[in-house]
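Quick notes on the structure that follows.
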Amino acid sequence: MNKKIIAAALLVGAISLPLPPVNAQPSEVPSEAPSDVSTQAVDEWYWLASDNKYSKYFDPSSVKVLKSSKREDGREIATQIEAWTKTTYSYDGAAETIDNYEIKSLLPDPSKLSYSLALLKINPQNRTIQYAREDFYDRSGKVIWSKAEGRIKEINSQSFDEDFYCAIVDEVFKQGEYDRKNASDRWIDLCKIINRDGSITTITADTTTMRLKGSNLIVWQWQDTRDATGNVTEIRFMKKAVNLAQGTERITNGEMWTPHHGWQELEDENDGAYVMINGDAPEYKGLVRLRAFAKGYPAWVNRYAIE
């Protein structure tokens, strides 16, 4: 799985988040081509991205708004979107996919897996994707395995599906989601903390994930700590709800990395409670930066808002 390089300044090198696990024993559907889309040639799909394992495409004409909510100003805001995507596999990509889906007993030879088509359902307010249906094909265009009703997962910088999400949402909201994902200033510095032991902690925020829900700015942050010699001793990848009006924040999701334990689920020491950001703390500079971003880019942070 290709990991996103979040910012050159982080210099995290080969450290990357693990591929999110796929539910074991997925629901299976009959091995037949999906009725909503034909088995098209690759060059008839809109190409999004490629690496040495995967190539990703989507069908702009298949993008549909299934549900929407009316705002007070009368605007209809999409709350559920669907679209078809296509993924082609190299041998290594096929092998990785087979392992992740735990279907080696069905597909022992990765060279048999050529591509897959997927019907995605997206909730933009929560930045989530669900694979409503997936069909996996061999090189002759025959379906060799299918599954339905995949798990719902949130999209962030470490998600394999981020290209799909941004391209599909752009077709509806037209706010430059895909451009922001690839922008050089996607990540902004929030603060730098010099700890008592001489180590330095740096916190950055992913502007791509920022959106307002009431007074809360929802944002993913990357926090790394390095010792006096520059070695990374800890990384925290955190989703936060920052109450811009009250100057408080809480962690809602995240993972933590250390050299000895690798990646593990981040335990919130405050049990999900909001914590005040003190005015004399280094983190307060980050709060000021987030407030300035929200004020300077109101259309962006409110692009999904239905309040």
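Excluded from the calculations below are hydrogen atoms, water molecules and symmetry mates; all remaining heavy atoms, backbone and side chain alike, are included. All residue numbers in this chain count up from 1 along the given sequence.
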Assess whether ring-ring contact (aromatic ring centres under 6.0 Å, His included) is satisfied between Tyr57 and Tyr46, documenting all intermediate values.
CA-CA 5 Å; Tyr57 309 81; Tyr46 187 89; 9.2 Å; no
Is it the case that the side chain of Ser62 and the backbone of Trp84 share a donor-acceptor pair, with hydrogens and angles ignored and the cut-off at 3.5 Å? yes
Looking at Glu82 and Lys67, does any basic side-chain N land under 4.0 Å from a carboxylate oxygen? no
d(Arg127 CZ, Cys166 SG) to nearest 0.5 Å is 5.5 Å
Those residues at least two apart in sequence (or on a different chain) that pass salt bridge (charged side-chain N to carboxylate O under 4.0 Å, His left out) with Asp185 are Arg180
Next item on the list: Answer yes when Asp73 and Arg71 have at least one side-chain N-carboxylate O distance shorter than 4.0 Å, and no when they do not.
Entry: yes
Residue pairs passing the side-chain hydrogen bond (donor to acceptor under 3.5 Å, both in side chains) test with at least one member in residues 236-247, sequence neighbours excluded, are Glu154-Lys239, Gln221-Lys240, Glu234-Arg236, Lys240-Glu249
Q: Please say whether the positively charged group of Lys86, taken as NZ for Lys or CZ for Arg, lies over the ring of Tyr115, i.e. under 6.0 angstrom from the six-membered ring centre and within 45 degrees of the axis.
A: yes
Do the ring planes of Trp257 and Trp263 sit parallel (below 30°), tilted (30 to 60°) or perpendicular (above 60°)?
tilted
Thinking salt bridges, do Lys56 and Asp161 make one under a 4.0 Å N-O criterion? no
Checklist entry - Can a salt bridge be assigned to the pair Arg226 and Asp224 using a cut-off of 4.0 Å between side-chain N and carboxylate O? => result yes
Residues 283-301 side chain polar contacts: donor-acceptor under 3.5 Å, at least two apart:
{"residue": "Arg289", "atom": "NH1", "partner": "Asp189", "partner atom": "O", "Å": "2.9"}
{"residue": "Arg291", "atom": "NE", "partner": "Leu244", "partner atom": "O", "Å": "2.8"}
{"residue": "Arg291", "atom": "NH2", "partner": "Leu244", "partner atom": "O", "Å": "2.9"}
{"residue": "Trp300", "atom": "NE1", "partner": "Thr207", "partner atom": "O", "Å": "3.0"}

Checklist line | Backbone N/O of Glu96 and side chain of Tyr89: donor-acceptor pair under 3.5 Å | finding: no
